[in-house]
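What follows is a short report on a single structure.
In what follows, chains carry the letters A, B, and so on, assigned in the order in which the sequence lines appear, proteins first and then strands, with residues in each chain numbered from 1. Note that the structure is predicted; figures quoted are calculated from it, not measured.
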Amino acid sequence: MADDGLAHHRRDPIKSSVGNVAAQRRRQNAVTVGKERRESLVRAKRLCRVGTSGDSEVSIDNDMMIDEEQSILETQASSAVEELKSAVVYQGKGAMQKRVSALRELRRILSRSEFPPIEASLKAGAISFLVQCLSFGSPDEQLLEAAWCLTNIAAGKQEETKALLPALPLLIAHLGEKSSLPVAEQCAWALGNVAGEGDELRNIMLSQGALPPLARMMMPNKGSTVRTAAWALSNLIKGPDPKAATELIRVDGVVEAILRHLKKADEELATEVAWVVVYLSALSNIATSILVKSDVLQLLVERLATSNSLQLLIPVLRSLGNLVAGDSNTSCAILVPGHEITDRVIEVLVKCLKSEHRVLKKEAAWVLSNIAAGSVEHKQLIYSSKALALLLRLLSTAPFDIRKEVAYVLGNLCVAPTQGDAKPNLIQEHLVSLIGRGCLPGFIDLVRSADPEAARLGLQFMELVLRGMPNGEGPKLVELEDGIDAMERFQFHENEDLRNMANGLVDKYFGEDYGLDVSTE
Amino acid sequence: MAMEITQFLLAAQSADANVRNEAEANLRQLQQQNLPVFLLSLSVELANNDKPAESRRLAGIVLKNSLDAKDASTKETLVQQWMAIDISFKSQIKELVLRTLGSPVPEARHTSAQVIAKIASIEIPQKQWPDLIQSLLNNVTQPESHAVVKQATLETLGYVCEEISHEDLVQDEVNAVLTAVVQGMNLAEHSVEVRLAATRALYNALDFAQTNFQNEMERNYIMKMVCETAKAKEVEIRQASFECLVSIASTYYEVLEPYMQTLFELTSNAVKGDEEAVALQAIEFWSSICDEEIELQEFDTPETGDSSPPHSHFIEKAQSSLVPMLLETLLKQEEDQDQDDSIWNISMAGGTCLCLVARTVGNEIIPLVMPFVEENIVMPDWRRREAATYAFCSILEGPTVEKLAPLVQAGLEFLLNAMKDENNHVKDTTAWTLSRIFELLHCPSSGFSVITSPENLQRILAVLLESIKDAPNVAEKVCGAIYYLAQGYEDAGPSSSLLTPYLTSIITELLRTADRTDGGDSKLRSSAYETLNEVVRCSNIAETSKIIAELIPAIMSRLSQTLELQIVSTEDREKQGDLQAALCGVLQVIIQKFSSSDDTKSVILQAADQIMLLFLRVFACRSSTVHEEAMLAIGALAYATGPEFAKYMPEFFQYLQMGLQNSEEYQVCSITVGVVGDICRALDDKILPFCDGIMTLLLTDLSSSQLHRAVKPPIFSCFGDIALAIGEHFEKYVPHALQMMQDAAKACAHLDVDDEELMDYGNQLRRSIFEAYSGILQGFKNAKAEVMMPYAQHLLQFIELVFRDRQRDESVTKAAVAVMGDLADALGPNTKILFKDCSFCAEFLGECLQSDDEQLKETAGWTQGMIGRVMVS
């Protein structure tokens, strides 16, 4: 309320000079730099060594927690590599001891900070000395420390990981049966880090024969070894080429090992094994067809029913989904309505739909949508299950991505399987009942979304309603829920397909005759 | 009971300073002796038609100032004082000011309208003035009311609406107010003054009309009245009415569809033929519509697609008529508009609106604008050339790069030649266009630039470095072009080398430009230095460190010259301050740049003593803006020197203290707090001797009601910095610091969730409290961690509260999950029971582990490990 009357609207001109904004931006930047340094200092205090699999290995070793200025650390790394170099060359008395302690020092430095001095170590030539320390016949302790150093280097940036190339053959060689378990496990860990980096390195490792020994490591019942091997394998078969997954499934004893671990192992180990199953089933049709013939489906369902560990549930549910989606025989041959396993599948999916976790809900809806795409019997099965009420609720309350998956399920429930491009045949009973239970607004909401796929789904469903509701009720229902407005938004939409669909529906069902129709009533 | 104070009030306006001072002292004394009587006396004075207009006016102003102040804490005191006054006094005062609305003296009516609104802002939310609205409405609706009463009352209603929230009234009252206001706009029934007051009141009342705008009939009625007044004979009424339309455009965008045809005609007529004040508002209407649609487009993610209001595509639908109308406005330039920042006219508003339209409709703008550009850019009339250039510039943001790249590449050479145009205006706009091109279409680090070859760049720089010598306004825009040109090469790897050969001449020309004296004010200099900063910041350090190293002594010598300047007037002092601020800024950027590698850091270390000495001398000049920039530079220097910084502390500490005490210029205080953090990281435990002093000031700042709240989060973070540096020695501060942290944590829960700015502050505060805990816990980890045990429970509760908050910011999440790990890490097995009872922890960790943010996932993984270790212990 200025004394000189009203304050008039006035915005800043877009044309202006650079001075003021720039100064403010610069000061902001200077303050931000301070904040970043605080963050990295605290992070350095917190973290020592973190595995790339997401489950961190926390060292309790207190002297590893000491923070160091990065530059000091780098200097230390270079001199540790120097030390290693002289230890490798030294052949006199106590040579082995000298090498081991040099390796241990380097390993400690590489484990010490959030940002280990990998680059400095590489510059100092660490790799070639570490490779020398991996030579055959070396004592276990030396092998272990060398592989550990390489593990930490492999956890670095991409180009740093690539530096491990010369070490790969020896790391793979030490996976063999003749190695001691700790050595083999450490090598598997290093290789897992390398495999996680990208498909180029994966292909090299595959061509060097990394897969069979890792697969064999998965067979015994030794917890941590199997877990590391499974984790490394899941990294190794990530694709995109399905060859590795196919190769793995064909290794003698692998399927049995997977089944055994899924059945008996603790949750942590089962989690890693489940990830292997995820990639097997996602990439390789051959693997999928072998797996569905086994008991794997039952075991996955069992895990889903009994576990509450999100880490485990995610890969298990995704495996289940892959198996159902990947092989159309699965739903027909195995998920036969009436069989016990089928009811169990639906039951665990219901459990996941009820879960608090968005990922589980979404994946469960995705699995259901695949089942709902099957035969009429499958549709009836879902329709009459507890899932339906949950799905209807999710359609109106869940976040967008879940709603979309849910809409696929519900949409699929209303159409019978078709041949060719013909308009899908309706299952009117389902449609009428779903509409009666209030699902139309949910679909119309999807029509309004900016996501074309969701919008198409919404429009398709609307088409079903307009065409399929008895007594020509469809148009009225759509109008009542503001569906016309939703469709008219596409009048000038950039997506031609959607535009035509929407305009076609409006013209066909809400053309000139529509109003007359109502008024003559 | 009231006193006779006319004499004092008149004397307080005397030309004689002695008389004036004495009268003011007398008034102050009366105020302090007995506030109720004093306020009553003021209102009696204001209400008395027999008193001179001058004393009544001042009485009103003093009364108003006794109820409200700009500064929040003063305001709070005034409000408390008013509420403490006996009700019989307050009733009399209110009665008197209401009566004054009928006074024949316009000044008295106006002032009492303001006073009523101030009292209303205190009393209405407390339900202590229930009959105000009714008595105001009576004034307006009773047919026998005089026109002046109606006018003053409508003005009052407007002010009251501005002061209070519509939630303070019941819907019936809101309806009645709106009805009265809108009816007051009626042409047939009321005088010009009444209609003007009503239209202005509506502007303030629009926020109240949420419910009414949902109702089609009421909305139609309001819109009809606004549109009618927009065609009133009187220009003030038209202007007020268009201001209402602007406000409606942003507040009620979603219901505007049915009125758009009419509104388009109204605004278009106004832009074409009405007076400037009205035309400006008509353009502003469309700019506001653009703002709304741009916001809808930016935030219309699939996730929220259904909850945000619908996008009506008004601009897209209107563009074919709107754009030509705006292009026409570009031709109405004023001769000197580039010389004066305070100018705002049709062509500037139209151009700004055109830029917004381009951002709204994207590619579709191109065919609507390009013919205008092509036709006019070659015309002999400078206005046409300038308008064409501006139009071209306006479409640079909005359309896709694919569409723009060929246009800009084809036009670049033309623009470069136009830098030699005979007209200053054309050159100004051309240079600005170049800067926008580089800002928007030159980004080698992401692989795209309109500058396609080294020859291209050479030609561009030749033109820019020549044109920077042109008139000051043109030179300023050229600085902008160089600024964005350099910025494009930030982190651009090998292509940043392209600029290296020109660096010396760019720096030389920028320094020369900074030294120019024909700029009139400091704008050109500030643009030149900021451009220099950006050039340094974005340069390829490996190749340019030698050149930049030479810049250090040059800047230092300039800075030391400022200390020799003759200071006679406050203007001199201000000028010196600006210059020092700019130069400290350059040094800060260089220090920061050079600290990034050991090779270059040594350059800074060698010069550190001299630089620091210079900064200390600058501090001795004590200008606040310098304080800020010099502080930032010192923070950078501390990082570069590390523990060596200790030797500067004895001398520097006094200025650090001054900064921490500067509660008036809170930015200075805030930046100083940040510098304390920098110094902590540099000195580590060598900061210990200074900690008592620093902690005392920080705790004082926190408990001060005077200090701006924005400083509080940095202070909490700073606790963490200090604790990390001094470890177990933080123990003696724990009781005080933790008390403050717990209080602040409690306060977080009471912030208004509808106030976006406040939520933002709340997030900063939460994050900083967590940072404080993290620093303290990590600091105590190796010794005396048990000191923190009594606070663990509270911390976990606070984390849970934050976890349950669905609107929590990602950075808060990060800090919260980290501090949970710090708690487990520092206190170890002692926390086992706490974590066992803590059901939300697993849920929280689960959520974080699923995040797409790698750093968050990693921290959550670490925390999980730490808690896991505690649980198995």
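Contact annotation for B/Y529: neither backbone nor side-chain heavy atoms come within less than 4.5 Å of a heavy atom of chain A. For A/V33, the part lying near chain B is the side chain, with the backbone staying farther off; criterion is any non-hydrogen pair under 4.5 Å. Only the side chain of B/D291 comes within contact range of chain A, judged by heavy atoms closer than 4.5 Å. Heavy-atom distances place both the backbone and the side chain of B/S287 under 4.5 Å from chain A. Contact annotation for B/Q487: only side-chain heavy atoms (C-beta onward) come within less than 4.5 Å of a heavy atom of chain A. Heavy atoms closer than 4.5 Å to chain B are found nowhere in A/D485, neither backbone nor side chain. Heavy atoms closer than 4.5 Å to chain A are found nowhere in B/L777, neither backbone nor side chain.
Note: B/T429 leads B/I671, B/T433, B/T429, B/T531 in heavy-atom pairs under 4.5 Å with chain A. Each of B/E771, B/K523, B/E847 has some count of heavy-atom pairs under 4.5 Å with chain A, and the biggest count is that of B/E771. Comparing B/E843, B/Q855, B/E534 by heavy-atom pairs within less than 4.5 Å of chain A, the highest count is held by B/Q855. With chain A as partner, the option from B/L524, B/V589, B/D428 having the largest number of non-hydrogen pairs under 4.5 angstrom is B/D428. For the options B/G677, B/A636, B/G585, heavy-atom pairs under 4.5 Å to chain A are most numerous at B/G585. Comparing B/Q588, B/E476, B/E316, B/Q850 by how many heavy-atom pairs each has under 4.5 Å with chain A, the most go to B/Q850.
Heavy atoms from other residues, nucleotides or ligands lying under 6.0 Å from CZ of A/R393 number 12 at most.
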